[in-house]
Protein chains: 2
Amino acid sequence: MSEATAKQGPDTRARILDAAEALFMTHGFEATSMRMITGQAGVNLAAVNYHFGSKDALIQEVFRRRLTELNRDRLAALEAEEAVAGGAPLKPSKIVAAFFGVSLKMAADTEHGGATFMRLLGRTYTEPNEFVRQFLAEEYAEVVQRFMDALYRALPDVPREEILWRFHFMMGAMSYAIAGTDALKLFAGDFDDEDPARLMPRLMSFLLGGLRAPLPEEVVDQNTQRRDAA
Amino acid sequence: MSEATAKQGPDTRARILDAAEALFMTHGFEATSMRMITGQAGVNLAAVNYHFGSKDALIQEVFRRRLTELNRDRLAALEAEEAVAGGAPLKPSKIVAAFFGVSLKMAADTEHGGATFMRLLGRTYTEPNEFVRQFLAEEYAEVVQRFMDALYRALPDVPREEILWRFHFMMGAMSYAIAGTDALKLFAGDFDDEDPARLMPRLMSFLLGGLRAPLPEEVVDQNTQRRDAA
DNA sequence: GTATGATTCAAACGAACGTTTGAACAGGAC
DNA sequence: GTCCTGTTCAAACGTTCGTTTGAATCATAC
């Protein structure tokens, strides 16, 4: 028991984070107790408070560890496309692929728990926990701004408000796409799992179809009406 | 104090259901305690267990009360379109409008708590609580089957698996649409609320654009490959 | 060896949880 | 009046929660 077989395997911190991430996904934040986490991680109950300070701080750290990497990759993907384009506006398909491609890539990584995290993340946008939402907003601010700017340039004729909404819709579709077959089985019991590699092209077709759909008539109407009335 | 001013206002049951629905949306299931519910409802703590048996049964009843009405309306909308079409396959736009139109109509009903419930429902598809998921599956089985059949007839050339996935994506987009401006503000601080009536045409354009998008090449490739190989 | 700082451990803390209990109160039927 | 059924109430039940404590254990430097 000299080197590989240390007393407790890898770092206690990392083991706690992995266990917490998996359990948060399965049971949610509130329903996951410290004793479940430390039990699954094989560490002492007090280890969480020692290493992270509190349960809330642990939740925050679970997100930060992944989200930092995720958003860095997203920005890198966008900048790679922008470098290729060399100043010219990007095609919408490139922008969408950069953002959601990175998401689905992490979601496909079952090896290192990326799939677990992405499903957790997808649920969290709409979840109520106040400080988690606040934290998400801060972590996302820069990335979303960059991608929205790219979309504004790519679609100069589309009202910005409309792009914002459609980006929002796309996030929803992606979230459900990643939540995946479990949710699908909810209303299609005969549905059978399949190659997750086919999810990306499927989702991308849908997203681009939605993004480039003709603007709703009512929006045009209301815009002109607004200029006339009031 | 003879008629309108009864001892405790309206039915205790209904007051509990309303309070629980609102609190579940704000805090989630686990984070909402019986004492919070009974406190907000202005009833005794034991009233929940007396009227519903348990907290789980209360959750179930919160969903049943709304979901029964929601799915009845959805089926009615579909059948109304089918009656107009008279045996002919429906247009996809009619089918989508029937399903999601009813959803957004309830989501727009802030008066009777429909908005509260729809946001709660949107979160619940992907939420972990086992028996809530089971209950949702049962409540949705018939309606989804009917709408999927209508879509199969409307799009006979599209593989059924593909339709199922796109319906899933549409559910995700709708869920985020209803979660709405709160989530939007997450990554667009300058975003200002607006007329919720404009949400429906916006979402509908996006959904139909996604539903009718060209099939991803990979799917076609893989289909032919599957026929050749294996 | 001993001293030092970081980490782990078993045990306990008070608070909040869902639920149960048994008495009190209501309003008809007789 | 008495009885009965449905409902409300204050109080307590046992359990589990997140957190804290102080001693034990480790690794490393001297």
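Note that the structure is a prediction, hence the values are computed from the model and not measured. Labels below follow one simple rule: chain letters A, B, ... track the order of the sequence lines, proteins then strands, and each chain is numbered from 1.
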Practice problem: Please name the residue in the list B:Thr26, B:Leu23, B:Ile59 that meets the side chain to side chain contact (heavy atoms under 4.5 Å, CB included) test with B:Thr32. | Solution: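 Of B:Thr26, B:Leu23, B:Ile59, side chain to side chain contact (heavy atoms under 4.5 Å, CB included) with B:Thr32 is met by B:Leu23 alone.
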Quiz item: A:Met118 and side chain to side chain contact (heavy atoms under 4.5 Å, CB included): which partner among A:Leu104, A:Asp109, A:Leu70?
Solution: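 Among A:Leu104, A:Asp109, A:Leu70, the one meeting side chain to side chain contact (heavy atoms under 4.5 Å, CB included) with A:Met118 is A:Leu70.
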Quiz item: Checking B:Thr68 side chain against B:Arg64 main chain: does a donor-acceptor pair fall under 3.5 Å?
Solution: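 It does hold such a pair.
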Just how far, in rounded Å, is [atom2] of [N] from [atom1] of [X]?
X       : N      : atom1 : atom2 : result
B:Asn44 : D:dC9  : CG    : C1'   : 5 Å
B:Ile37 : C:dG18 : CD1   : P     : 7 Å
A:Tyr50 : D:dA24 : OH    : C1'   : 14 Å
A:Asp11 : C:dA6  : CG    : C1'   : 12 Å
B:Leu23 : C:dC17 : CG    : C1'   : 16 Å
B:His27 : C:dA16 : NE2   : C1'   : 15 Å
B:Phe52 : D:dT7  : CZ    : P     : 12 Å

Practice problem: Would you indicate, yes or no, if C:dA6 has its OP1 or OP2 atom less than 4.0 angstrom from a side-chain nitrogen or oxygen of A:His51? | Solution: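 No, A:His51 has no side-chain N/O under 4.0 Å of OP1/OP2 on C:dA6.
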Quiz item: Are A:Thr12 and C:dT8 close enough that a side-chain N or O sits under 4.0 Å from OP1 or OP2?
Solution: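 The answer is yes; a side-chain N or O of A:Thr12 sits under 4.0 Å from OP1 or OP2.
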Practice problem: Would you check if the distance from the ring center of A:Phe167 to the ring center of A:Phe147 is below 6.0 Å? | Solution: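 Here the rings of A:Phe147 and A:Phe167 have centres that are no less than 6.0 Å from each other.
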Quiz item: Is A:Leu90 close to A:Leu78 at the side-chain level, that is, under 4.5 Å between some pair of heavy atoms?
Solution: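 They are in contact (side-chain heavy atoms under 4.5 Å apart), so the answer is yes.
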All N/O contacts under 3.5 Å from nucleotides 15-18 of chain D to the protein, with atom names and distances to one decimal?
{"from": "D:dC17", "atom 1": "OP1", "to": "A:Ser33", "atom 2": "OG", "distance (Å)": "3.4"}
{"from": "D:dG18", "atom 1": "OP1", "to": "A:Lys55", "atom 2": "NZ", "distance (Å)": "2.7"}
{"from": "D:dG18", "atom 1": "OP2", "to": "A:Met34", "atom 2": "N", "distance (Å)": "2.8"}
{"from": "D:dG18", "atom 1": "N7", "to": "A:Arg35", "atom 2": "NH1", "distance (Å)": "2.8"}
{"from": "D:dG18", "atom 1": "O6", "to": "A:Arg35", "atom 2": "NH2", "distance (Å)": "2.7"}

Self-check item: Flag for A:Gln60-A:Asp56: side-chain donor and acceptor within less than 3.5 Å
Solution: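 Not at all, the side chains of A:Asp56 and A:Gln60 share no donor-acceptor pair under 3.5 Å.
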Quiz item: For B:Ala47, which contact category applies under a 4.0 Å heavy-atom criterion: base, sugar-phosphate, or nothing?
Solution: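 Touches nothing.
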